[in-house]
Amino acid sequence: MLDVVIVGAGFAGIGMAIRLKQRGFRNFVLLERANEVGGTWRDNAYPGCACDIPSMLYSFSFEPHAGWTRTYPAREEIWAYLRRCVERYGLGPHLRLGTELVEAAYDQEEALWRVRTSDGATIEARALVWATGFLNRANVPDLDGLASFGGTVVHSSAWDTSLDLRGTDVAVIGTGASAIQIVPAIAPLARRVTLFQRTPAWVMPRRDAPVSPLRRALRRSVPGLAWLERQWIYWQLEARAVGFTVEPRMLQAMEAIARRHLARGVAAPALRDKLVPSYRMGCKRILLSDDYYPSLDRDNVDVVTEPIREVRERAVVTADGIEHPAGVVVLATGFRATEPPPVRIAGRGGVTLADAWRDGMEAYLGTSVAGFPNLFLLIGPNTGLGHNSMVLMMEAQYRYVLSALALLRRRRLRALDVRADVQARYNARLQARLARTVWSTGCASWYLDRRGKNTTLWPGFTFAFRAQTRRVRSERYDLIGEAN
Ligand code: NAP
């Protein structure tokens, strides 16, 4: 029997594996359904893909990287960083690439997880760490005629890198974080880009820049410099949590900056009018871009706000009956982030995670779920951030998982099952706090599930999450001991 099975070799899973190794664990595997590691940063190969968190903070604190070439890392650089981490920490022998988890079931008698994989194997492990992330199941809109479109349909997260857009009419649906990176990258190539906007986004200046070789050399050679830079960025971003979670009106000041950014980026008044959001900034993710607005101002780019009626063989048709020619339809329509994993994960008494989450996802500290002993979720319910780097949340969770594993060893326990009353109280408090945040000011976003409940975001400071997850408190769990 293994100590741990980690599912998913993306950012979260790779970091967990490194931390396990550093703690002396050798008896674990890392399952990955694709043939390469990297998760989000492997899959999102769309033109212009980059991170909107500065590179110095979008890396593990225990594996700093002085070589980032830009303020904001491009997708290729992050992916390379993750592959380097795998090499450097010798994770190869633990990796099972091309191996998908088909089903996981907790065996109450033996207090272990039995995991079936796509290659027909069954793995038994004491603990199951779920590290698949929640922004990986494409939201494909239910548009009449989309299935019989005569050209190519591509979702931002499943980009076909052989797709040649030169001289093509491209329809882009969506104006979220993915679309605002795609449009400026493809506009100079395509013959025409028609952007279908349902809701305009708040867009702030990004101020991306190359990092000079001198600065990189200094980061490498001056002790503490890279750490200081990281701290500086961290506290700047962390301060934004106040606006998101305590006093949404503070975001009004930022709205003025975004309006000026729009005025500077788009010359045509009619186009500008289409791009002004009507919801409070922060309710949906705040977007960062310096080239999105200017790209919309190009002669070969149209912003269409009329709703889409249907897709025909070579066109997208809007409610006003106008046919917008298209050879390629780009779906930048986001993800189904609030649904339980699509595979069967059965806990105590055969209850599945899908059953337990029938009324919406919830966990204790985003990590443990009552009735699912020794299951640990990374980036689980209500651990997402609107204001800072997700790597901070992942690292807090690594420590929590290691603390749980240490408790099992120390007390000679077989399993930890978070108490249902503890989980319920925790979530009642969490939801009460979420009700006072900017995310509850009336906009629709992927943060909310279909009942309007926010099951994705952490309503506070990252240091508060870190403090709460510092160690596992045994009194909050049912402790499952040795069988007699
Ligand atoms: P998203 O933020 O959910 O945006 C989806 C867009 O598609 C929205 O504009 C939405 O309109 C539109 N849409 C969805 N269904 C539609 C339909 N049936 N008809 C017309 N429009 C439709 O998705 P995303 O841009 O992929 O970003 C998702 C998340 O991924 C981000 O919030 C962020 O956390 C992450 N991300 C991060 C980066 C980064 O730089 N780090 C880059 C990309 C993505 P409505 O607003 O009206 O719903």
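For the numbers below, each heavy atom of this structure counts, side chains included, while hydrogens, waters and symmetry mates do not. Counting starts at 1 for both ligands and their atoms, following the listed order.
- Atoms of ligand 1 lying under 4.0 Å from at least one heavy atom of Asp52, given by number and element, are 39 (C), 40 (O), 41 (N).
- For atom 17 (C) of ligand 1, the nearest non-hydrogen atom of the protein is Arg198 NH1, 3.4 Å.
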Checklist entry - Passes salt bridge (charged side-chain N to carboxylate O under 4.0 Å, His left out), Arg206 versus Asp290? Steps please. => result CA-CA 6 Å; Arg206 188 160 186 248; Asp290 294 330; over 6 Å; no
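- Ligand 1 is approached by Lys284 to a heavy-atom distance shorter than 4.0 Å.
- Counting non-hydrogen atoms of other residues, nucleotides and ligands closer than 6.0 Å to CZ of Arg96 gives a total of 12 or fewer.
- When the heavy-atom distances from atom 25 (O) of ligand 1 to Gly334, Pro73, Ser178, Ser156 are ranked, the shortest goes to Ser178.
- In this structure, atom 8 (C) of ligand 1 lies nearest to the protein heavy atom Thr175 N, 3.9 Å.
- Scanning the protein for heavy atoms near atom 18 (N) of ligand 1, the closest one is Pro141 CB, 3.2 Å.
- When each of Asp169, Asn300, Asp302 is paired with Arg192, the side-chain hydrogen bond (donor to acceptor under 3.5 Å, both in side chains) condition holds for Asp302 and for no other.
- Remark: Arg166 CZ is loosely packed, at most 12 non-hydrogen atoms of other residues, nucleotides or ligands lying under 6.0 Å away.
- For the pair Tyr46 and ligand 1, the shortest N or O to N or O distance does not fall below 3.5 Å.
- In this structure, Ile308 falls outside the shell of residues with a heavy atom less than 4.0 angstrom from ligand 1.
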Item to check | Evaluation steps, salt bridge (charged side-chain N to carboxylate O under 4.0 Å, His left out), between Arg215 and Glu229 | outcome: CA-CA 11 Å; Arg215 187 155 180 178; Glu229 266 194 75; 3.1 Å; yes
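- Counting protein heavy atoms only, atom 33 (C) of ligand 1 is closest to Arg285 CD, 3.4 Å.
- Between atom 30 (O) of ligand 1 and the options Leu385, Leu287, Asn139, Leu135, the minimum heavy-atom separation is to Leu135.
- Distance from atom 20 (C) of ligand 1 to its nearest protein heavy atom, with residue and atom name: Ile173 CG2, 3.6 Å.
- Taking a 6.0 Å sphere around CZ of Arg33, one finds it holds 12 or fewer heavy atoms contributed by other residues, nucleotides or ligands.
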Item to check | Trace of the ring pair (Phe, Tyr, Trp, His ring centres under 6.0 Å) decision for Tyr81 with Trp68 | outcome: CA-CA 9 Å; Tyr81 168 78; Trp68 295 112; 5.5 Å; yes
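- Other residues, nucleotides and ligands contribute more than 12 heavy atoms inside 6.0 Å of the CG atom of Asp164.
- Heavy atoms of Gln181 found under 4.0 angstrom from ligand 1 belong exclusively to the side chain.
- Of the protein's non-hydrogen atoms, the one nearest atom 36 (N) of ligand 1 is Ala177 CB, 3.8 Å.
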Next on the checklist: Please determine whether side chain to side chain contact (heavy atoms under 4.5 Å, CB included) holds for the pair Trp41 and Phe11, giving the CA-CA distance in whole Å, both sets of side-chain angles, and the decisive distance to 0.1 Å.
Outcome noted: CA-CA 8 Å; Trp41 303 106; Phe11 219 124; 4.1 Å; yes
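- The 12-atom threshold is exceeded at CZ of Arg84, counting heavy atoms of other residues, nucleotides or ligands nearer than 6.0 Å.
- If you check which protein heavy atom lies closest to atom 47 (O) of ligand 1, you get Thr199 OG1, 2.5 Å.
- In this structure, Arg312 forms no cation-pi arrangement with Phe149, as its terminal cationic atom is not both closer than 6.0 Å to the ring centre and no more than 45° off the ring axis.
- For atom 32 (O) of ligand 1, the nearest non-hydrogen atom from the set Trp41, Phe335, Tyr447, Trp446 belongs to Trp446.
- For atom 4 (O) of ligand 1, the closest non-hydrogen atom of the protein is Gly176 CA, 3.7 Å.
- Only the backbone of Ala50 comes within 4.0 Å of ligand 1, counting heavy atoms alone; no side-chain atom from C-beta on gets that close.
- When the options Gly174, Ser389, Ala332 are ranked by their closest heavy atom to atom 5 (C) of ligand 1, first place goes to Ala332.
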